[in-house]
Amino acid sequence: MTRAASGKEPLPPAFASWAAQGIRPRRASVSMLAGVPGSHKTRVMLNAVVNMGVSTLAFSTDSDQDTISSRLLARATNTPTSVTEEWLRTEPEKSAKLLAQFDFIRWDFRPDPTMDDIWLGLYAYHETEGRYPDQTVIDIASDVGHDAGDEWASLRDLMRQAKVIARETGTHLWLVHHCSDSPNTKRPCPRRSDIHGKIAAIPELIVTCGVDASGALYAAPVKNRHAKASADAEIRIPMTLTAETSYVGDYVPPAPAYVGWDPGEEGWG
């Protein structure tokens, strides 16, 4: 069978500010994006996948087809999702044409896929495309069903399977996962130790994300085998978030406002 690619070469960057910190997802490896509920994990992941622009198989357990479609439409047109949700119903042809630009992403929206479903999805992709996808996303990891028993045993089994999937297919496997939402959890970006299930051993790259009291979004590399990281989330990268249009991007500092010339200041002459 044809792998997505050979080796562990980096994929195109998810965000320029991440790449500047050495955060580069790689083929044939496992990465994780984690955060507490309400930390915009799915928005961050959706924008990352769109920015990367590589063939992707995405298992979306947390968001249904209409939610993802309305967010993609919002991002593509800078239109609030409250409007693009209506487009799906009232302007289906227009919506379909706009969504065609994201055809490099193939979606599976079942809410509780099993590991067999993940493998079969990859095999089906290979059957139709003649190769495995460059990237595979599972959002949310803990929604994948297992026969391993309790939740933590299931998560550990998922991580073992994730490593096999990445190595055997050459795909980059992104897992979106939860962090503990407790008073002890570090904010805005959780520490590596705040990740549910203590399953940080397998991923080569782990980024946590979250918002501060003002609603500003940050991301933090808490594990990176190829660049500097801080397990305690001390390296924070500010991001731009426009939730209404589902846009997440690199932070651009606002330009200082021009206040005009003060007549009391000295002139140029």
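Along the sequence shown, residues carry numbers from 1. All heavy atoms count here, side chains included; hydrogens, waters and symmetry mates do not.
- With no hydrogens or angles considered, no side-chain donor-acceptor pair links Thr242 and Thr245 at under 3.5 Å.
- Taking each heavy atom of Phe102 and Val50 in turn, the nearest pair found is CE2-CG1, 3.8 Å.
- Side-chain contact check for Thr42 and Asp139: at least one donor-acceptor pair (N or O, by modelled atom type) lies under 3.5 Å.
- Crowding of Gln65 atom CD: a count of heavy atoms from other residues, nucleotides or ligands under 6.0 Å not exceeding 12.
- Remark: of the listed residues Ile118, Leu158, Val30, Ile118 is the sole one forming a side chain to side chain contact (heavy atoms under 4.5 Å, CB included) with Ile165.
- In this structure, the side chain of Asn47 does not engage the main chain of Gly249 through any donor-acceptor pair within 3.5 Å.
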Query - From CA spacing to verdict: side chain to side chain donor-acceptor pair (under 3.5 Å), Thr79, Thr84 - result: CA-CA 7 Å; Thr79 303; Thr84 59; over 6 Å; no

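- Not counting sequence neighbours, Tyr247 has no partner by the ring pair (Phe, Tyr, Trp, His ring centres under 6.0 Å) test.
- Applying the side chain to side chain donor-acceptor pair (under 3.5 Å) definition to pairs two or more places apart or across chains, those involving residues 203-217 are Lys8-Glu204, Glu204-His226, Asp212-Ser214.
- In this structure, the side chains of Val144 and Gln161 stay at 4.5 Å or more apart for every pair of heavy atoms.
- For the ring pair (Phe, Tyr, Trp, His ring centres under 6.0 Å) test, residues two or more places apart in sequence or in another chain that qualify with Phe15 are Trp18.
- You'll find the side chain of Arg106 reaches within 4.5 Å of the side chain of Thr128, heavy atoms only.
- Residue Pro190 comes nearest to Gly35 through the heavy atom pair CG-CA, 4.4 Å, listed as atom of the first residue, atom of the second, then distance.
- For the residue pair Asp134 / Ser55, a side-chain donor-acceptor distance below 3.5 Å is found, with atom types taken as modelled.
- Side chain to side chain, Asp64 and Thr67 meet the donor-acceptor criterion of an N or O pair below 3.5 Å.
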Query raised in the report: Taking it one step at a time, do Gln135 and Trp174 satisfy side chain to side chain donor-acceptor pair (under 3.5 Å)?
Result: CA-CA 7 Å; Gln135 183 163 248; Trp174 266 116; 2.9 Å; yes

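- Using a 3.5 Å distance cut-off with no hydrogens or angles, the side chains of Thr81 and Ser70 do not pair a donor with an acceptor.
- The two residues Pro12 and Met52 have their closest heavy-atom pair at O-CG, 3.4 Å.
- Rounding to the nearest 0.5 Å places NZ of Lys228 at 5.0 Å from CD1 of Ile235.
- Using the six-membered ring where Trp is involved, His178 and His196 have ring planes that are perpendicular, over 60° apart on the 30 and 60° scheme.
- A donor and an acceptor atom, one from each side chain of Ser31 and His172, are located under 3.5 Å apart.
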